[in-house]
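Everything on this sheet refers to the single structure shown next.
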Amino acid sequence: MRLVTVLVIFGILLLISIVDFKIHMIPDQLNMLLFLAGIWSSFVFQKITITGRVFGIFVVSIPFFIIAVLSSGGLGGGDIKLMAASGVLLGVTGNVFAACFGLLLGGFCGVFLLLTKRIGYKECFALGPFLCLGIAIVFFQINFLR
């Protein structure tokens, strides 16, 4: 059951990454699938408490929402919902680390794209794939390396 759960979660993260990369949007249906997979994972992987999972919904998504409002769309709604869904999957601490990994990786990629002039200063790029990679790394670390 653990293997099936991991494959489903990683499959959803891969699908979110591909869709966001191609169309710069994360559909609500995919975020809802990740949210439901997070609920399911609470039965399969019980290292994170229910309280941690509930608070994990808000710990990153609220700051992301504030940034999105203050930056007039610097972050998309799909990214905010993605981090809310990953909070159910990773809990408070895991979600913070996943966001940090994702933002760090996305930041490095963004700087590289700017320096190589593949994107302009005002252009946007998909952050979802980097957030998904951060989520996958932390999920693996929490459930298999502790």
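For the single chain, residues carry numbers from 1 onward in sequence order.
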Under 3.5 Å: donor-acceptor pair, side chain of Asn95, backbone of Met83: yes
CD1-CG distance between Ile39 and Leu34, expressed to the nearest 0.5 angstrom: 10.5 Å
Matching residue for Cys132 among Leu14, Ile16, Asp20 - test: side chain to side chain contact (heavy atoms under 4.5 Å, CB included): Ile16
Pairs where residues 55-71 contributes a residue and the test salt bridge (charged side-chain N to carboxylate O under 4.0 Å, His left out) is met, not counting sequence neighbours: none
Contact summary for Ile48 and Gly91, nearest pair of heavy atoms: CG2-CA, 3.8 Å
Stepwise side-chain contact (heavy atoms from CB on, under 4.5 Å) test for Asn31 and Phe35: CA-CA 6 Å; Asn31 281 326; Phe35 185 87; over 6 Å; no
Listed once per pair and sorted, the ring pair (Phe, Tyr, Trp, His ring centres under 6.0 Å) pairs that draw on residues 45-91, sequence neighbours left out: Phe45-Phe139, Phe45-Phe144
Closest approach of Gly56 to Val92 (non-hydrogen atoms, all atoms of both residues): N-CG2, 3.6 Å
Pairwise side-chain contact, Val19 with Ile26, heavy-atom cut-off 4.5 Å (strictly under): no
Any pair counted as salt bridge (charged side-chain N to carboxylate O under 4.0 Å, His left out), so long as it reaches residues 95-108, sequence neighbours left out: none
Evaluation steps, side-chain contact (heavy atoms from CB on, under 4.5 Å), between Leu113 and Cys109: CA-CA 6 Å; Leu113 292 173; Cys109 184; 3.9 Å; yes
CA sep, side-chain torsions, deciding dist, call: Leu133, Phe101, side-chain contact (heavy atoms from CB on, under 4.5 Å): CA-CA 8 Å; Leu133 183 57; Phe101 283 144; over 6 Å; no
hydrophobic_cluster_shared for Met32 and Leu89, side chain cutoff 4.5 Å: yes
Hydrophobic cluster membership, Ile135 vs Leu36, 4.5 Å side-chain cutoff: yes
NZ-OG distance between Lys22 and Ser17, expressed to the nearest 0.5 angstrom: 12.5 Å
Within one Ile-Leu-Val-Met-Phe-Trp-Tyr cluster: Ile119 and Met25, side-chain cutoff 4.5 Å: yes
Over 12 non-hydrogen atoms of neighbours within 6.0 angstrom of CZ in Phe10: yes
Linked, directly or transitively: Val111 and Leu103 (ILVMFWY side chains, under 4.5 Å): no
Distance-minimising heavy-atom pair for Asn143 and Arg2: O-NH2, 3.4 Å
Closest contact, heavy atoms only, Phe125 versus His24: CA-CE1, 3.6 Å
Nearest heavy atoms of Val138 and Gly94, plus distance in Å: CG1-O, 3.4 Å
Reported CD-to-CG distance for the pair Gln141 and Leu90, which is rounded to 0.5 angstrom: 10.0 Å
Cluster link Phe43 to Val4, ILVMFWY, side chain under 4.5 Å: yes
Atom of Gly102, atom of Leu127 and distance for their closest heavy-atom approach: O-CD1, 4.2 Å
